[in-house]
There are 2 protein chains.
Amino acid sequence: MSTSLILISNREAGSMLDAMSDPAGQAWAVNAREVLQRAGHHRGAARERLIDLLSDQDCALSALEIEDGLRRDGPVARASVYRTLELLHDHELVTRLELGDGVARYEPADPSGHHHHHHLLCERCGQLVPFDDAGLERSIRQLSRRLGFTTKEHEVTLRGRCPDCP
Amino acid sequence: MSTSLILISNREAGSMLDAMSDPAGQAWAVNAREVLQRAGHHRGAARERLIDLLSDQDCALSALEIEDGLRRDGPVARASVYRTLELLHDHELVTRLELGDGVARYEPADPSGHHHHHHLLCERCGQLVPFDDAGLERSIRQLSRRLGFTTKEHEVTLRGRCPDCP
DNA sequence: TTTCGTGCAAATTATTTGCACTTGG
DNA sequence: CCAAGTGCAAATAATTTGCACGAAA
């Protein structure tokens, strides 16, 4: 049974990406800007900053978390954050998640499938852990075919206890 | 590859359940009342009505939809709806879903696993379709074991085009 | 110089809470 | 009676929208 696994806590992932100067994120940002430009969009400051911030991220952030992050470098309007996220989502450049706590989270979308992953939310420590599983993906592909359903996005969320929380 | 399938549109399912006088729903309602009673809860009118309404349901409803449904038979306070849903969720009697449109939906939880299912949301016609797939469940079990994660709930959402919407 | 982006504040929407009153056991 | 449930209205929290002004192509 081939199961590929990426298991990264938010904190660890941040430093990993720092260490490798985040080539994947850069690629995403470049592509995102290109897509928006082709669609006839200008390059406003807030949007540019948001794209940079998201590209440094490995896992989902809420709109308010993004706003906070941006504010550390200077003021931003909340509306710009929401509008930019909506725009990115319309162009399928971000994935929008709702993990069951009433807050929408966003993360860079990954058309190549290289960084595709799902989420596991520990109900005890609140940690959000991205994971990837080939068997699961296979099941979903087969299932979609069987149902005659054209699946554009899919999302799997596990809620429970992580290995560190007994 | 054994893949069991239940494919029911909301509308069809409603009539199906009518036709068989909803034995599963009745069982759920009985159990729900028992669980709440054991926990020392009284039987207020709003809560009783909500349990009845949910037990007739095969798939997820939002709090506002539930409120509307209840109002057809008489007035209910919105707060009672939310409080009851919270209570049922605390006792794991309902499953709470967030399918990505900012609204929480609730449906009777199924400890037996008999009616366990996931959701498929057609982005074109908006139809919410419940489905069940053995292969998918197997993948999730294996995955949880491999990650050392104790999965209490899991949720799979597919978004795309249903067979009727080309 | 026109189209798009931004900021601010006000509006919406979903959900929660405080409190006085009613009801179940 | 006492604990729990209900309704109503006001409070939050997340997200959206209208509009005037500033910036990009």
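Since we're looking at a predicted model, the values are computed, not measured. We use all heavy atoms of the structure for the numbers below, so side chains are in, but hydrogens, waters and symmetry mates are not. First the proteins, then the strands, lettered A, B, ... as listed; each starts at 1.
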Inset, instruction - Would you indicate, yes or no, if D:dG5 has its OP1 or OP2 atom less than 4.0 angstrom from a side-chain nitrogen or oxygen of B:S80? - result: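 Indeed not, no polar side-chain atom of B:S80 lies that close.
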Inset, instruction - Establish, with yes or no, whether the OP1 or OP2 oxygen of D:dT16 is under 4.0 angstrom from a side-chain nitrogen or oxygen of A:Y82. - result: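 Checking D:dT16 against A:Y82, no side-chain N or O comes under 4.0 Å of OP1 or OP2.
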Legend entry - First of B:G40 and B:R49 reached from the 5' end of DNA chain D, by closest nucleotide: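 Its nucleotide being nearer the 5' end, the pick is B:G40.
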Atom [atom1] of [X] to atom [atom2] of [N]: distance rounded to whole Å?
{"X": "A:I66", "N": "C:dT6", "atom1": "CD1", "atom2": "P", "answer": "14 Å"}
{"X": "A:R33", "N": "D:dA24", "atom1": "CZ", "atom2": "C1'", "answer": "15 Å"}
{"X": "A:E67", "N": "D:dT15", "atom1": "CD", "atom2": "P", "answer": "11 Å"}
{"X": "B:L61", "N": "C:dT15", "atom1": "CG", "atom2": "P", "answer": "13 Å"}
{"X": "A:E86", "N": "D:dT17", "atom1": "CD", "atom2": "P", "answer": "7 Å"}
{"X": "A:E98", "N": "D:dA14", "atom1": "CD", "atom2": "P", "answer": "13 Å"}
{"X": "A:H89", "N": "D:dT16", "atom1": "NE2", "atom2": "C1'", "answer": "16 Å"}
{"X": "B:I51", "N": "D:dG5", "atom1": "CD1", "atom2": "P", "answer": "11 Å"}

Inset, instruction - State whether B:R96 and B:E153 are salt-bridged, where the test is any N-O pair (Lys NZ or Arg NE/NH1/NH2 against Asp/Glu carboxylate O) under 4.0 Å. - result: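 A salt bridge is absent here (no side-chain N lies under 4.0 Å from a carboxylate O).
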Out of [options], whichever nucleotide has its closest atom nearest the side chain of [X]:
{"X": "B:L64", "options": "D:dA25, C:dA14, D:dG18", "result": "C:dA14"}
{"X": "A:A79", "options": "D:dA9, D:dT17, D:dA25", "result": "D:dT17"}
{"X": "B:H42", "options": "D:dT15, C:dG24, D:dT6", "result": "C:dG24"}
{"X": "B:R43", "options": "C:dT3, C:dC8, C:dG25", "result": "C:dG25"}

Legend entry - Partner residues of A:H154 under the ring-ring contact (aromatic ring centres under 6.0 Å, His included) criterion, sequence neighbours left out: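 Applying ring-ring contact (aromatic ring centres under 6.0 Å, His included) to A:H154 gives A:H116, A:H118.
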Legend entry - Sugar-phosphate, base or nothing in reach of B:R83, heavy atoms under 4.0 Å: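 Base contact.
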Inset, instruction - Answer with base, sugar-phosphate or nothing: what part of the nucleic acid does B:A46 contact at a heavy-atom distance below 4.0 Å? - result: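 Result for B:A46 = sugar-phosphate.
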Legend entry - Nearest-nucleotide 5' precedence on DNA chain C, B:G44 against B:G102: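 The residue whose closest nucleotide sits nearer the 5' end is B:G102.
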Legend entry - Check: B:S62 main-chain N/O paired with B:E65 side-chain donor or acceptor under 3.5 Å: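 The answer is yes, because a donor-acceptor pair under 3.5 Å joins these two groups.
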Inset, instruction - Begin from the C-alpha positions of A:R105 and A:E107 and carry the test salt bridge (charged side-chain N to carboxylate O under 4.0 Å, His left out) through to its verdict. - result: CA-CA 7 Å; A:R105 283 162 225 262; A:E107 63 186 5; over 6 Å; no
Inset, instruction - Please round to the nearest 0.5 Å and tell me the distance separating atom OG1 of A:T84 and atom CD of A:E48. - result: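 It is 10.0 Å, given to the nearest 0.5 Å.
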Legend entry - Distance in Å, B:L88 CG paired with B:L36 CG, rounded so as to fall on 0.5 Å steps: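 Output value for this atom pair is 6.0 Å.
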Legend entry - Overall bend - the helix from C:dT12-D:dA14 to C:dG25-D:dC1, comparing terminal axes fitted on five pairs, nearest 10 degrees: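 Computed from the C1' atoms at both ends, the axes differ by 20°.
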Legend entry - Pair A:H117 + A:H119: ring centers closer than 6.0 Å: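 Yes, the ring centres sit under 6.0 Å apart.
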Legend entry - Matching residue for B:L61 among B:L53, B:L97, B:D68 - test: side chain to side chain contact (heavy atoms under 4.5 Å, CB included):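 Running side chain to side chain contact (heavy atoms under 4.5 Å, CB included) over B:L53, B:L97, B:D68 with B:L61 returns exactly one hit, B:L53.
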